[in-house]
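Each remark here refers to the structure printed beneath this line.
Here is how names work: the chains are called A, B, and so on, in the same order as the sequence lines, proteins then strands, and each is numbered from 1.
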Number of protein chains: 2
Amino acid sequence: MCPVRSPDVVSPSLTPTSYVVLGLVGAFGPCTSYNLKQFVSVSIGYFWPFPHSQLYAEPVRLTELGLLKEEQETTGRKRRTYKLTPAGREALGDWLAEPNDEPTEIRDLSVLKLFFGAQAEDGDVAAIARHAVDAHRRRLAEYEQIARNTGIEAHQRKTLEMGLEFERMAIAFWEGVATQ
Amino acid sequence: MCPVRSPDVVSPSLTPTSYVVLGLVGAFGPCTSYNLKQFVSVSIGYFWPFPHSQLYAEPVRLTELGLLKEEQETTGRKRRTYKLTPAGREALGDWLAEPNDEPTEIRDLSVLKLFFGAQAEDGDVAAIARHAVDAHRRRLAEYEQIARNTGIEAHQRKTLEMGLEFERMAIAFWEGVATQ
DNA sequence: GGGTACATGTAATCAGTTACATGATTTA
DNA sequence: TAAATCATGTAACTGATTACATGTACCC
């Protein structure tokens, strides 16, 4: 009586990259891979970086799955413009409606080096810490610059605030490490 | 006339996973993949997770590169035990001596969903935020439990403190999102 | 002595990265 | 008009993930 369902056919297992693309195309309206690349590089790319080639490859996959529709210019650069299909909008909406259980990953090579600091030479850890302080200060300055733009959508601003908080925390943390 | 060189032979380009394995074997002394797995799961695996199959595959690669030495039991389970070679210890030391320029990656699906919150239904974002508060509270409790152990090596404890700080920040952040 | 959790791996696939390539615009 | 730089992709490789498989010890 229970309906037979093949779970893997039902959910072709979209990756985070897939949802980034769906979300950006949804927020932007029709756009090219290059448009995506530009916006990513000053927004979510700070948290979740990936090379621009992904922003060319992923829309192709999503188009095959029927979640995006592609239109290619016939003249000039023959740019490919993507837009959400109804199925794509639904997939994005379903994903947004479902709370997340995957824990946060903080991938930071300086933290890895700190973790193994007992095996480093004297002074190495302090140097790493000073370097990290500088890097996080620069990153904080970038975020503050972006935050000066008053036209940012509310949720994106909230996300940016998380970034600001994180950088302040990281600066304080690494200062503590640097000064022993 | 210019000497033919294959650049990839010169720098075999170790990945972060490689250094995690080198660092763990260095810190532990000789150990099996399973030993690595166990320790990772209560330490650096919180920040930098990977499946246990990596901890079987990576030592094989490192052994081929001459950075680890493998010894296999001849009886019973025929476990493979790995230890650092001098070259391995040197590679680890060089890496630790070199400050890091790669920025931190904060990979968090809840943050992604927040970023695209404008396209979600009413209440979705608040639900995501409440879920995230719970998850970070649980994670904080885990970290506090680990921190009660007084025998942790100093650098590893420092790393844990970063985790504690991050979780406190995340809880406050998501509480702010949840209450609008 | 049967089940269940721990322990130890292998195989296949694929997303993601790196590197390459080239056309269009702008600028000096 | 030469040289940068912007824009737009493709190809190849491989590390990482997923899934499978099986042996061993313990406990009820």
Side-chain angles (χ1 to χ4, degrees), chain A residues 6-9 11-22 30-42 44-45 47-65 67 70-82 102-103 105 107 109, chain B residues 5-22 30-42 44-45 47-65 67 70-82 102-103 105 107 109:
Chain A
S6 163
D8 282 346
V9 170
S11 78
S13 180
L14 300 178
T15 68
T17 306
S18 311
Y19 291 110
V20 170
V21 170
L22 287 178
C31 57
T32 69
S33 291
Y34 191 70
N35 297 146
L36 296 177
K37 170 185 157 181
Q38 284 183 301
F39 185 57
V40 162
S41 74
V42 294
I44 200 65
F47 298 143
W48 205 298
F50 39 73
H52 78 272
S53 64
Q54 286 274 109
L55 296 176
Y56 287 88
E58 190 60 34
V60 173
R61 251 174 259 157
L62 294 172
T63 301
E64 283 165 8
L65 291 172
L67 304 179
E70 174 195 312
E71 264 167 41
Q72 187 163 17
E73 287 180 353
T74 51
T75 85
R77 298 204 165 184
K78 301 213 198 171
R79 291 187 192 86
R80 293 172 192 172
T81 301
Y82 298 98
E102 317 292 311
E105 298 179 17
R107 305 209 171 227
L109 290 175
Chain B
R5 293 202 333 172
S6 163
D8 282 345
V9 170
V10 171
S11 78
S13 180
L14 300 179
T15 67
T17 305
S18 312
Y19 291 110
V20 169
V21 170
L22 288 178
C31 57
T32 68
S33 292
Y34 190 71
N35 297 148
L36 296 177
K37 171 186 157 182
Q38 283 183 302
F39 186 57
V40 162
S41 73
V42 294
I44 201 64
F47 298 144
W48 204 299
F50 40 73
H52 77 273
S53 65
Q54 287 275 108
L55 296 176
Y56 288 88
E58 190 60 33
V60 173
R61 251 174 259 156
L62 294 172
T63 300
E64 283 165 8
L65 292 172
L67 304 179
E70 174 195 313
E71 264 168 41
Q72 189 163 17
E73 288 181 350
T74 51
T75 84
R77 297 204 166 185
K78 300 211 194 175
R79 294 184 191 86
R80 292 172 193 170
T81 301
Y82 298 98
E102 316 292 310
E105 298 179 15
R107 306 210 171 226
L109 290 175

Pairing residues for B/S41 by the side chain to side chain donor-acceptor pair (under 3.5 Å) criterion, not counting sequence neighbours: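 Partners of B/S41 under the side chain to side chain donor-acceptor pair (under 3.5 Å) test: none.
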Tell me every residue that passes side chain to side chain contact (heavy atoms under 4.5 Å, CB included) with A/T63, counting only those two or more places apart in sequence or in another chain.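 Side chain to side chain contact (heavy atoms under 4.5 Å, CB included) list for A/T63, sorted by chain: A/L68, A/E70, A/Y82.
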Rounded to the nearest Å, what distance is computed from the [atom1] atom of residue [X] to the [atom2] atom of nucleotide [N]?
{"X": "A/F50", "N": "C/dT17", "atom1": "CZ", "atom2": "P", "result": "9 Å"}
{"X": "B/L55", "N": "D/dA16", "atom1": "CG", "atom2": "C1'", "result": "12 Å"}
{"X": "A/Q54", "N": "C/dA15", "atom1": "CD", "atom2": "P", "result": "9 Å"}
{"X": "B/E102", "N": "C/dT18", "atom1": "CD", "atom2": "C1'", "result": "14 Å"}
{"X": "B/L65", "N": "D/dT14", "atom1": "CG", "atom2": "C1'", "result": "14 Å"}

ring-ring contact (aromatic ring centres under 6.0 Å, His included) with [X]: which residues, sequence neighbours excluded?
{"X": "A/Y56", "value": "A/H52"}
{"X": "B/F50", "value": "none"}
{"X": "B/Y34", "value": "none"}

Quick one: which of C/dG16, D/dA16, C/dT8 gets closest to the side chain of B/K37?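 Looking only at side-chain atoms, B/K37 lies closest to C/dT8.
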Measure from the side-chain heavy atoms of B/T32 and tell me the nearest of C/dT17, D/dA16, C/dT8.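 Closest nucleotide among those given: C/dT8.
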I want to check one thing: is the phosphate of [N], taken as OP1 and OP2, less than 4.0 Å away from some side-chain N or O of [X]?
{"X": "B/Q38", "N": "C/dA7", "result": "yes"}
{"X": "B/R79", "N": "C/dT8", "result": "yes"}
{"X": "A/R61", "N": "C/dA15", "result": "yes"}

Specify the residue among A/W48 and B/Y34 whose closest nucleotide of DNA chain C lies further upstream toward the 5′ end.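 The residue whose closest nucleotide sits nearer the 5' end is B/Y34.
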Start at the 5' end of DNA chain C and walk down; is the nucleotide closest to A/E58 or to B/N35 reached first?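 The answer here is B/N35.
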Quick one: does A/S18's side chain get under 4.5 Å of A/R61's, heavy atoms only?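 No, every pair of side-chain atoms sits at 4.5 Å or beyond.
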Would you call A/S33 and A/Q54 a side-chain contact if the rule is heavy atoms closer than 4.5 Å?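 Side-chain contact under 4.5 Å: no.
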Please tabulate the protein-to-nucleotide N/O contacts below 3.5 Å involving nucleotides 10-13 of chain D, giving atom names and distances.
| residue | atom | partner | partner atom | Å |
| --- | --- | --- | --- | --- |
| D/dT10 | OP1 | A/R80 | NH2 | 3.3 |

